[in-house]
Amino acid sequence: MSKVEAILKQLADVAANPKKAMDDYKAETGKGAIGIMPLYAPEELVHATGYLPMGIWGGQKQIAKARTYLPAFACSIMQQIMELQCEGAYDDLAAVLISVPCDTLKCLSQKWKGTSPTIVFTHPQNRPLESANKFLVEEYKIIKTKLEKIVGATITNAAIEESIKVYNENRAVMREFVKVAADYPQVIDPVARHAVFKSRMFMEKSKHTALVRELIDEIKASPVQPWDGKKVILTGILAEPNELLDIFKEFGLAIVADDLAQESRQIRVDVIDGEEGPLYRMAKQWQQFYGCSVATDTKKIRGKMLMDMVSQTGADAVIVCMMKFCDPEEWDYPVYYRQFEEKGIKNLMIEIDQEATAFEQVRTRVQSFVENM
Amino acid sequence: MYTMGIDVGSASSKVVILEDGQHIVAAEVVQVGTGSSGPQRALELAYEKSGLKRADITKLVATGYGRFAFEDADKQISEISCHAKGIFHLVPTARTIIDIGGQDAKAIRLDNRGGVKQFFMNDKCAAGTGRFLDVMARVLETTLDDMAECDAKAEQAASISSTCTVFAESEVISQLSKGVDKNSIIKGVHQSVASKACGLAYRGGLEEDIVMTGGVAKNAGVVRAVERELKKKVIVAPNPQTTGALGAALFAYEEAKKMKKEGLE
């Protein structure tokens, strides 16, 4: 096994078994883990406690118990999270941090069925205003106080600054990885690419950074090879399960960039340096964030952003990974779809349902799309 | 040169044999699809009709839901590409295709060279497909063949939901128990199928000529309902059940010509 293969396997193992990753962390550090619900949260605050921030992004369960609490039209990812809550999957977490940028998250945050305490906070949506930053600082202060109570220790500004540094480094290395994955699709196929991203949700970020750094250096030691397949950009909340990514692989699609909430949206904007305190700068990160359906954007730049990504990467098309019943994503779609059509950007929408077990329809869509690119 | 296209659908198996990419020497349909004896029987019928055997077929392309399960194919091509190919061959003015098959419905937009500009498919739901009509025919104690005639006799359409086959079935039963005229219910069922399929067509934007294909296009009641919904004339593809297989046979012909040119065969 080459070094590249070994690192990819290590990251894929973490992505496939978050429980083990959490148990290993606990055994190593003596500290616990804190759940981070989709889509965005000030993970740096959790990291500063020494606890492991653990992403909670659903699974592949057959939904039964969740039907008691959620309507059928709640998005697939929340159905999965509710099912897993009901089964006690998150009860080992010291707490769960929940942002509420959509209606389903607002409802779900009020009826958490696990035993871990929840910390619910709100992202301001009138983002250009300075008062939005002030509001979010207050929200972050509340989170900080609650975290301190849960972990039984004070979170110092110095610790937060150190965590911001760790996270900025991880975001930077992941942005570099995206480019490397685009240049070396023979090495980083869609499944491997996703595993590199997913593993960062279950690993202490400086360790993840080190592994990804090593991976990048190893890959770049080889020359870039020509790619005879097609190149695509993914947009949406997430692109799972692996059976879907296998279909992309089967039809020779290289993912040259993404705008997925689970992947590149997490690494899009750093926390800036500056004289202001760390909480304020973290709040500013939300103000500076762009191109996401749950972060209000009155100018609707997502379509332009995606088209710029197409021209920068030389992508042949955009694949919209539409999370089933995600209304914020569905509201954005007609806007950028029209822009794509006007500019002749090839695009395909596929529905993402984490509960899915059959993929024939997706296979037909992807095959047809590739045949007609 | 003979090429073959086989469309292994969910509800039926279709085979077309083409001579030199133009002349159809066999076009056979067996009303059972993937996982059944249908594909083999359709093949045997086509060989019998044409007097050909497998060795005479230069290239064979499989399409349809069961395309990957059909092992004898030289290549598998999606049914969207094949329907587009087949329809454009038959109706070069086609710009929008509405294909309603056994378990899915698709709307395909074509450019003026027959290329697929955009397509939309139904999602994991039998409403608006041939299966929906199957279920309704059973409840209404009629046959698929008789439904168009019944529809023509109806003065108005009963209201039938287009969202779910199971709910629509209970709506039909409810209408029957209220004594609503069976022909009106059938017309309502056709309207329901049409509204679902037209919903897909609207998403891609409508451009004429609009061509209907797939097994359901044989039902004139559904075609009329589609025309009423779209307020536009719809052309029914000749032999609509076999247009996917025809497209596959055309792709097979192109593939064979390419191989010949490259001196590979």
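Within every chain, numbering begins at 1; the chains are lettered A, B, ... in the order of the sequence lines, protein sequences first and strands thereafter.
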Chemist: Can you tell me if A:K65 has over 12 outside heavy atoms packed within less than 6.0 Å of its NZ?
Modeler: yes

Chemist: Drop me the distance from B:R67's CZ to A:R363's CZ, to the nearest 0.5 angstrom.
Modeler: 7.5 Å

Chemist: Would the number of heavy atoms belonging to other residues, nucleotides or ligands and lying under 6.0 Å from NZ of A:K343 be above 12?
Modeler: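 Check fails, neighbour count at 12 or below.
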
Chemist: Please rank B:Q118, B:K117, B:R203 by heavy-atom pairs under 4.5 Å with chain A and give me the top one.
Modeler: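 Top option by heavy-atom pairs under 4.5 Å: B:Q118.
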
Chemist: Where on A:M373 is there a heavy atom nearer than 4.5 Å to chain B: the side chain, the backbone, both, or neither?
Modeler: neither

Chemist: Where does B:K106 contact chain A at under 4.5 Å (heavy atoms): side chain, backbone, both or neither?
Modeler: neither

Chemist: Of the non-hydrogen atoms in B:F119 and A:R365, which two are nearest, and what is the gap between them?
Modeler: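 In this case the closest contact between B:F119 and A:R365 is CZ-O, 3.3 Å.
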
Chemist: Quick one: does any side-chain atom of A:Q361 pair with a main-chain N or O of B:N122 as donor and acceptor, under 3.5 Å?
Modeler: yes

Chemist: So which atom in A:T364 and which in B:S78 form the shortest heavy-atom distance, rounded to 0.1 Å?
Modeler: O-CB, 4.0 Å

Chemist: Is it the case that more than 12 heavy atoms not belonging to B:K231 sit under 6.0 Å from its NZ atom?
Modeler: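 Not more than 12 within 6.0 Å, no.
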
Chemist: Just how far is it from atom OG of B:S10 to atom CD of A:E360, taken to the nearest 0.5 Å?
Modeler: 11.5 Å

Chemist: I'd like to know whether CZ of B:F88 has more than 12 heavy-atom contacts from other residues, nucleotides or ligands below 6.0 angstrom.
Modeler: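 Atom CZ in B:F88 is packed in, count exceeds 12.
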
Chemist: Answer whether the closest heavy-atom distance between the side chains of A:N372 and B:S81 falls below 4.5 Å.
Modeler: yes

Chemist: So for A:F251, is it side chain, backbone, both, or neither that comes closer than 4.5 Å to the heavy atoms of chain B?
Modeler: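 A:F251 touches chain B through side-chain heavy atoms alone.
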
Chemist: Count the heavy atoms belonging to other residues, nucleotides or ligands that lie under 6.0 Å from NZ of A:K61, then report whether that count exceeds 12.
Modeler: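 No, NZ of A:K61 has 12 or fewer neighbouring heavy atoms, counting only those of other groups under 6.0 Å.
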
Chemist: If you take all heavy atoms of B:I77 and A:Q367, which pair is closest and at what distance?
Modeler: CA-NE2, 3.6 Å

Chemist: Take the angle between the ring planes of B:F120 and A:Y337 and call it parallel below 30°, perpendicular above 60°, tilted in between.
Modeler: perpendicular

